[in-house]
Amino acid sequence: MSSSAPKVGFISLGCPKALVDSERIITQLRVEGYGIVPSYEEADLVVVNTCGFIDEAKAESLNAIGEAIQENGKVVVTGCLGVKADDIRALHPQVLSITGPQAYEQVVGAVRTHLPQIKAHDPYTSLVPPQGIKLTPRHYAYVKISEGCNHRCSFCIIPSMRGDLVSRPVGEVMDEAQGLVESGVKELLIISQDTSAYGVDLKYKLDFWGGRPMKTRMRELCSGLGELGVWVRLHYVYPYPHVDQVIPLMAEGKVLPYLDVPFQHASPRILKLMRRPAAAENNLARIRAWRAICPDITLRSTFIVGFPGETEQDFQILLEFLEQAQLDRVGCFAYSPVQGAAANSLADPVPEEIKHQRHQVFMETQARISAQRLQDKVGRMVEVLVDQVDEHGAVGRSHADAPEIDGQVYLDDGDGIAVGDLVHVQVTEADEHDLYGHLIR
Ligand code: SF4
């Protein structure tokens, strides 16, 4: 956690169900960049998750709220006692917000309101969808495994805001993931600024999970998560050689055959100007090797076009890379300066008009490639996690689709299936983004 991150203290009272709520809220706050601290003095705000089951629990909760107000002053209340908001306000009118149990979104919303982050919206490095995270549906959850970043990409201000990489010990991450699975989560989305660097700062320290020794390292983490029996999806992985060790876990079905690798460019000259990690790696060779081990792997990436100094030749190298790499899902931004970023002082900015032309050509090229790759799935059977069911059918996602950013699978029949179910689907049609099919019963 960087010293500039706003910090939240958390008091969790009550039964195991309340504890699950607390874990969900803490996971969420961490994903959004808040630090979680164990004392009133360190906290900028305190969340009290209350219990109101019996009079004794109610009194304990009211006392805890009073103590938090006295010791810290900024208090958000949630949990079972929250349904009796008038009783709480009568004793503690200073409380900032009150909600009942499982009101994840509202609690996180109250923290955002009363403890706003210095938000630098950075489309190149945002870890979560720009509209924020919905905590419903609740069958998938983001798990943040580290904070900060050791790289210094010239277009990025994350390291100056969040500091160097700080990995969470693997036992703590595994406990959190296990708690989420026990509370009904069917898909874990692993995020950080640089997932492939996990544990570097801790020198891959040995930790424990359920009494078992485990190293704080990407491969061991993936292998442990693979034992939880749910979908595990990896985001923000750089193409370092050691990432190759994770691909067999994908081939074995332990983690989803899906890698989100933000390549950002393909011209070595531009990658150098961008100061990108793994800039010297031969990415095409790496992609081929991954596909040789796990032919079904879905590769997602993001790119920036129109970076300062990008020539027509650099852009052609990028287009050629797209043709060769045959990535499945791709996002692309036309470069725009971010306040405080080193790239702002680079020579030869690309004129706006050319930037936008290149963006268009890039998108058209990739749309054709993505559409063809989806078309190749017609006639195949895919496993789908159901996100939505209504009278018209159901909508879900396959291994190849991360929520919000990738495509969906539309089913013409939703009878007898529920949100969070895993089903098998025969693909009958595809367009540029999505698949369509029938449920195999
Ligand atoms: S890897 Fe680069 S773009 Fe990503 S957070 Fe670190 S410095 Fe920023």
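Quick caveat, the model's predicted, so the values are computed rather than measured. What's counted below: heavy atoms across the whole structure, side chains too, no hydrogens, waters or symmetry copies. Order of appearance sets the numbers: ligands from 1, and atoms from 1 within every ligand.
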Side chain to side chain, [X] and [Y], heavy atoms closer than 4.5 Å:
X: Met174; Y: Leu225; answer: yes
X: Val246; Y: Leu234; answer: yes
X: Asn72; Y: Glu67; answer: no

Heteroatom test (N, O or S) for His151 near atom 8 (Fe) of ligand 1, limit 2.8 Å
no
Should Phe155 and Tyr335 be marked as a ring-ring contact (aromatic ring centres under 6.0 Å, His included) after you check the CA-CA gap, both sets of side-chain angles, and the distance that decides it?
CA-CA 9 Å; Phe155 55 78; Tyr335 174 78; 7.5 Å; no
Hey, is Arg276 one of the residues with a heavy atom under 4.0 angstrom from ligand 1?
yes
Determine, using heavy atoms of Tyr238 and all atoms of ligand 1, whether some pair is separated by less than 4.0 Å.
yes
Note: Pro159, heavy atoms under 4.0 Å from ligand 1, region reported as side chain
Number the atoms of ligand 1 from 1 as they appear, then name those within less than 4.0 Å of a heavy atom of [X], with their elements.
X: Cys149; value: 1 (S), 5 (S), 6 (Fe), 7 (S)
X: Cys153; value: 1 (S), 2 (Fe), 3 (S), 7 (S)
X: Gln193; value: 5 (S)

Could you check whether the rings of Tyr238 and Tyr240 sit parallel, tilted or perpendicular, using 30° and 60° as the cut-offs?
perpendicular
Looking at Tyr140, is Arg397 sitting on its ring face, NZ or CZ under 6.0 Å from the six-membered ring centre and within 45 degrees of the normal?
yes
